[in-house]
Every structure is written in C-alpha cells, then in structure tokens.
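Before any comments, here is the structure.
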Amino acid sequence: MPVRPLLGTASCAALLLLGAAAAAPSAAAAPPAPAEYVTVDPEGRIAADGTVTLTGTYLCVGGEAPVYVSSSVSQSEPDVNHGIGGSVAVCDGKEHRWQNSGKAADDALTAGPVKVEATLLELRASGILLLPVPHAVSHHDVTLVKS
C-alpha cells in the first residue's frame with residue numbers, strides 16, 4: 001500500500017482537529033446572550049375613574065425595529081382581554097422598569113384579582129406592512145387595588 005495517500009489523509013485529519021481545537025475556545029469564551037423576558041408586579045392600581053396602572057420589569061437585547069411593552073387584563077370574562085397601554089422598550093441587554101396605564105371600556109374592571117399578559121413586541125416593517133415579532137410573553141396573576 002502506498003504511504004503517500006495515507007500521509008495526505010493523516011495530514012488533513014490533523015489540520016481539521018487543530019482547526020476545531022482552535023475554534024472551540026473562542027466559541028466557548030463568548031458569553032451567551034441574555035434571555036429576554038418581561039415580568040409584571042403582583043399588584044396593580046385601579047383609580048376611581050377606572051384607569052388601570054400596571055408595572056413590571058423587562059430585558060431585551062435589540063431588534064431591527066422599535067420594541068414595545070404591551071399589557072392586557074382579563075377579569076370576569078376569561079376570553080375578553082382589555083388592552084392597558086403600551087410603552088417603548090430600551091433593548092440594551094439590561095433590565096428596565098415599565099409602566100402602562102389605560103382604561104377598559106364600560107368600566108369592565110374592578111379592584112380584585114385579574115390575569116395579566118405582558119408582551120415585548122417588535123413591529124418590524126415588511127414592505128408596507130408592520131409585522132409583530134414577539135420577543136417575550138408572560139402571564140401573571142395580579143391583584144388590582146384601589147388608588
């Protein structure tokens with residue numbers, strides 16, 4: 001059996017192993033991107049005029065377009081969600097506080113337990129349309145207290 005083809009194969013294998021070993025530390029050294037999330041504080045406020053204020057925290061790492069924190073509440077009818085405002089998110093990989101306020105139609109919300117959905121949502125342009133791209137979604141049990 002000729003030795004020259006075996007040496008070529010062995011050389012290629014050695015180079016591949018060296019390349020993989022050299023690439024592995026750089027990939028392992030890169031810190032993982034932080035996980036994006038949005039939380040809701042366990043207590044929200046409801047004013048005498050029906051305005052609901054929700055607060056919480058979020059972390060996002062960026063996007064191609066503006067990202068917003070949106071929130072919605074359901075209470076007596078679980079299939080009916082009431083949008084409670086929205087705010088612009090700063091997506092810099094750090095945790096931030098958010099606050100949204102809004103009123104449900106027909107004074108549909110009262111003090112007491114509610115279900116809240118909070119979403120980090122990017123509105124990305126695609127032609128003439130804006131496509132919603134969720135970064136994080138969470139569901140929380142919250143108590144609305146009179147303010």
Are Leu59 and Tyr68 grouped together when hydrophobic residues (ILVMFWY) are joined by side-chain heavy atoms under 4.5 angstrom apart? no

Approximate separation, where rounding is to 0.5 Å, of Leu131 CG and Glu64 CD: 10.5 Å

Would you indicate whether the side-chain heavy atoms of Leu54 and Val116 approach each other to under 4.5 Å? yes

For Lys94, check side-chain hydrogen bond (donor to acceptor under 3.5 Å, both in side chains) against everything at least two apart and list the hits. none

Looking only at heavy atoms, which two atoms of Pro134 and Pro132 are closest? And how far apart? CD-O, 3.8 Å

Any Thr57 side-chain heavy atom under 4.5 Å of Val38 side chain: no

Give me the one residue out of Val52, Thr143, Asp141, Val73 that meets side chain to side chain contact (heavy atoms under 4.5 Å, CB included) with Val114. Val73

Residue pairs meeting ring-ring contact (aromatic ring centres under 6.0 Å, His included), one or both in residues 110-131, sequence neighbours left out, come to none

According to side-chain hydrogen bond (donor to acceptor under 3.5 Å, both in side chains), who are the partners of Thr119, at least two apart in sequence or on a separate chain? none

So how far is it from Glu122 CD to Leu120 CG, rounded to the nearest 0.5 Å? 10.5 Å

How many angstroms lie between CG in Leu144 and OG1 in Thr110, if you round to the nearest 0.5 Å? 8.0 Å

Consider only side-chain N and O atoms of Thr51 and Ser101, and report whether a donor and an acceptor are under 3.5 Å apart. no

Is any side-chain heavy atom of Pro66 closer than 4.5 Å to a side-chain heavy atom of Leu123? no

CD/Glu43 to OG1/Thr55 distance, rounded to the nearest 0.5 angstrom? 9.0 Å

Sorted by first residue and then second, give each ring-ring contact (aromatic ring centres under 6.0 Å, His included) pair with at least one member in residues 94-147; sequence neighbours left out. Tyr58-His96

Could you tell me if Glu95 and Tyr37 have a donor-acceptor pair between their side chains, going purely by distance under 3.5 Å? yes

Shortest non-hydrogen contact between Val142 and Asp41, atoms and distance: CG2-O, 3.5 Å

Looking only at heavy atoms, the pair that brings Ser147 and Arg45 closest together is CB-CD, 3.7 Å

Taking only residues two or more places apart in sequence, or in another chain, which ones meet Ser70 in a side-chain hydrogen bond (donor to acceptor under 3.5 Å, both in side chains)? none

Which pair of non-hydrogen atoms, one from Glu36 and one from Val61, has the smallest distance, and what is that distance? OE2-N, 2.9 Å

I'd like a table of donor-acceptor pairs (distance under 3.5 Å, sequence neighbours excluded) in which one partner is a side-chain atom from residues 76-87, with atom names and distances.
{"residue": "Ser87", "atom": "OG", "partner": "Asn100", "partner atom": "OD1", "Å": "3.0"}

With a cut-off of 6.0 Å (strictly less than), are more than 12 heavy atoms of other residues, nucleotides or ligands near CG of Asp49? yes

